[in-house]
2 protein chains.
Amino acid sequence: MKEPFTSVWTRESRPAKSPGLSRDQIVRAAMEILDAEGVDALSMRRLGAKLGSGATSLYWHIAHKDELMELVMDEVYGEVPLPDPAVTSWEDMVSIFAYGLRTTLSEHPWVISLIGSRPSLGPRAMNLSSRMQQVFERAGFTGPLLDYTLSTVLAFVLGWTGPEIAWRAARERSGLTGEELDAAMKETVHRAARDYPELVKRYDEHQAQDPEVIQALAFDFGLTCLLDGLRVRLAAGKEDNQRFAPPSTAEHDESTKNMM
Amino acid sequence: MKEPFTSVWTRESRPAKSPGLSRDQIVRAAMEILDAEGVDALSMRRLGAKLGSGATSLYWHIAHKDELMELVMDEVYGEVPLPDPAVTSWEDMVSIFAYGLRTTLSEHPWVISLIGSRPSLGPRAMNLSSRMQQVFERAGFTGPLLDYTLSTVLAFVLGWTGPEIAWRAARERSGLTGEELDAAMKETVHRAARDYPELVKRYDEHQAQDPEVIQALAFDFGLTCLLDGLRVRLAAGKEDNQRFAPPSTAEHDESTKNMM
DNA sequence: AAATCCCCTCGCACACTGTTCGACTGTTGT
DNA sequence: ACAACAGTCGAACAGTGTGCGAGGGGATTT
């Protein structure tokens, strides 16, 4: 209805030559509030106050709050440590990337809640894509698989971090520590899995440890698994490029014609 | 600080014998609003109006809006089609589950934004866990791996669906269709990837198709990849149970002692 | 020197949010 | 008959994002 695909990145930034507020300052301040007090604590008035200016002044530098969110999100992508290409095996680089992304997201838990809202098209996200695709290219992946592999790794890490953050938030909300926390968690899980004795049994056997440790182990398993899979796909190579190739434009036109 | 691990599931539900409002009705109505108009459209007043009652009446049946969200989320998990165990290969069952979860989430896009907020402990989520763990158990996975495998698959699908939904939302927001949409997307991506000619080149070669088709292909690749990986892990078997096993409680105590 | 312009800030106002509180029904139990 | 309770609701509070128009101040033009 409105302008097509509007987002911060399609618009030009304000000159920002001024001595007062600047887009960077705003984004930085927003990040600080978000990191310190979570996504609910960030309001325009609060942000303005932190910057020593009125709330509505921000709207000169930023169109909506949503745009601000896009900006801070990209900032986070900029913090993900990128493996120096051509240093070790591609598997190691993927591992470094995956772990790095996980800890970066953990440091900015609010990002997860924004992932379904807008596609990440900011410069840092693009840089990240480019670098990781290089890694996969050197590893021997070709064609559309370069996209697919990266998307797959990304999906795994994003999807992993979500529930992980949810659990940590719940733990922190409870305000408990040590044995009290363990007991409360056990209580909760037992009650939730009341009707599933196997789940309870497995929980008691394996999960009765520091949850961070458990989750680290599980993440490592998932990542190992994924790397195994990628290795297999790499070996499958040529066939993949046929099997997963998008239909040619001609075919595509044909099929859409038939559909209408 | 407050009561430990409070959530809808730790509390008892209201008797709900009344002829008027009931928890189920509320949840159903909330779902309808969410599906039809998205997460921002759901307000207590709106929901009350839809049910023909005052906004504050809802608070008799539900503690906070957050709790309501937990309830609707679990409802969604209940819609995920579960593969009938012992019918085909475990790979097929995982595929069915993954595809089913993906389409279910696509039908309720607002769920994705809630994933980082609270752990999913509702009855349908538990049922889903139980059933899928059975699948993995029959496949030959053992011990903690039963948790890890499920978590890995879940992470992949969740993390995949997030960006996918973000793109679709952006497309729908644009209000364009057909060639106009294609052109607008191309424009946007070109501008975003301005500094990365390889990305642009790859996009022009592979992505200039119906985005839904591309994403389906990519999802299929990721899933194939994951299944390959799981198969490898299954074969690795015994070692995995050592490698990924949580430290015994004794060891755990030791290590924490040394850390402090 | 005066007038015009534009960048930038900001107070007010609007419609809306989640939630608390106390008052109000109608039903049930004794 | 009275009391206890389940359930509903209106008013009110503090807070939200943001449009609008009024201004200030520095640079540029006349």
Side-chain angles (χ1 to χ4, degrees), chain A residues 1-3 6-8 11-27 29-30 33-34 37-73 110 113-114 117-118 173, chain B residues 1-3 6-8 11-27 29-30 33-34 37-73 110 113-114 117-118 173:
Chain A
M1 310 287 186
K2 297 296 178 57
E3 314 167 38
T6 322
S7 96
V8 217
R11 230 185 311 284
E12 291 304 319
S13 162
R14 294 282 184 188
K17 62 193 171 189
S18 85
L21 254 39
S22 81
R23 187 177 262 198
D24 284 357
Q25 269 176 49
I26 296 175
V27 171
I33 295 180
L34 286 167
E37 307 180 47
V39 73
D40 291 333
L42 181 69
S43 77
M44 298 308 265
R45 288 177 236 265
R46 178 81 202 282
L47 182 54
K50 176 163 185 134
L51 290 164
S53 62
T56 54
S57 308
L58 306 170
Y59 284 90
W60 177 257
H61 307 271
I62 274 161
H64 325 286
K65 199 188 182 187
D66 282 9
E67 273 202 8
L68 174 58
M69 288 322 218
E70 283 191 80
L71 289 168
V72 286
M73 236 181 124
W110 42 271
S113 61
L114 302 177
S117 57
R118 285 161 181 276
R173 254 197 311 271
Chain B
M1 308 285 190
K2 296 296 177 58
E3 313 167 39
T6 323
S7 97
V8 216
R11 229 186 313 285
E12 291 304 320
S13 162
R14 294 282 184 187
K17 62 194 170 188
S18 86
L21 254 40
S22 82
R23 186 175 263 197
D24 284 357
Q25 270 176 49
I26 295 175
V27 171
I33 294 179
L34 285 167
E37 307 180 46
V39 73
D40 291 334
L42 180 70
S43 76
M44 297 308 266
R45 287 178 237 265
R46 179 78 203 281
L47 182 54
K50 177 164 184 131
L51 290 163
S53 62
T56 54
S57 307
L58 305 170
Y59 284 91
W60 178 258
H61 306 271
I62 274 163
H64 328 285
K65 199 188 182 187
D66 282 9
E67 272 202 9
L68 175 58
M69 288 323 220
E70 283 191 82
L71 289 168
V72 286
M73 237 180 124
W110 42 270
S113 61
L114 302 178
S117 56
R118 283 159 183 279
R173 253 196 311 271

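Per chain, numbering begins at 1; letters A, B, ... match sequence-line order.
Between B/Trp60 and the phosphate of D/dG7, there is a side-chain N or O to OP1/OP2 separation shorter than 4.0 Å. In this structure, A/His61 reaches the C/dT9 phosphate: one of its side-chain N or O atoms is under 4.0 Å from OP1 or OP2.
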All N/O donor-acceptor pairs, side-chain side in residues 39-49 of chain B, below 3.5 Å, sequence neighbours left out:
from: B/Ser43; atom 1: OG; to: B/Arg46; atom 2: N; distance (Å): 3.1
from: B/Arg46; atom 1: NH1; to: B/Glu37; atom 2: OE1; distance (Å): 3.4
from: B/Arg46; atom 1: NH1; to: B/Glu37; atom 2: OE2; distance (Å): 3.3
from: B/Arg46; atom 1: NH2; to: B/Glu37; atom 2: OE2; distance (Å): 2.8

**OP:** Could you give me the CA-CA distance, side-chain angles and deciding distance for B/Ile26 and B/Leu71, then say whether side chain to side chain contact (heavy atoms under 4.5 Å, CB included) is met?
**Re:** CA-CA 10 Å; B/Ile26 295 175; B/Leu71 289 168; over 6 Å; no
Original post:
Can you list the steps and then say if B/Arg118 with B/Val8 is a side chain to side chain contact (heavy atoms under 4.5 Å, CB included)?
Top reply: CA-CA 11 Å; B/Arg118 283 159 183 279; B/Val8 216; over 6 Å; no
**OP:** With side chain to side chain contact (heavy atoms under 4.5 Å, CB included) as the test, would you mind laying out the steps for B/Leu58 and B/Leu68 before giving the verdict?
**Re:** CA-CA 10 Å; B/Leu58 305 170; B/Leu68 175 58; over 6 Å; no
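Qualifying side chain to side chain contact (heavy atoms under 4.5 Å, CB included) partners for B/Ser7, counting only residues two or more places apart in sequence or in other chains: B/Trp9, B/Thr10, B/Glu70. Among residues two or more places apart in sequence or in another chain, the side-chain hydrogen bond (donor to acceptor under 3.5 Å, both in side chains) test is passed with A/Lys65 by none.
The rotation axes computed at either terminus of the helix from C/dA2-D/dT29 to C/dT30-D/dA1 lie 20° apart, taking five pairs at each end and rounding to 10 degrees.
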Subject >> Nucleic acid footprint by protein, nucleotides 10-26 of chain D - heavy-atom cut-off 4.0 Å, B for base, S for sugar-phosphate alone >> reply: BBB---BBBB-------
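Going from atom CH2 of A/Trp60 over to atom CZ of A/Arg23 covers 12.5 Å, rounded to the nearest 0.5 Å. Between the CD1 atom in B/Ile62 and the CG atom in B/Leu21 there is a gap of 9.0 Å [rounded to 0.5 Å]. One distance of note links CD of A/Gln25 with OG of A/Ser53; it measures 9.0 Å at 0.5 Å rounding.
The distance between atom CD of B/Gln25 and atom C1' of D/dG7, rounded to the nearest whole Å, is 14 Å. Spacing between atom CD1 of A/Ile62 and atom P of C/dC7 amounts to 18 Å, rounded to whole angstrom units. Distance, A/Arg23 CZ to C/dC8 C1': 15 Å, rounded to whole Å. Rounded to whole Å, the distance from CG on B/Leu58 to P on D/dA6 is 18 Å.
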Under 3.5 Å, N/O pairs linking protein and nucleotides 23-26 of chain C:
none

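B/Ser57 comes within 4.0 angstrom of a base, heavy atoms only.
For B/Ser113 against B/Trp110, the heavy-atom pair with the smallest separation is OG-O, 2.7 Å.
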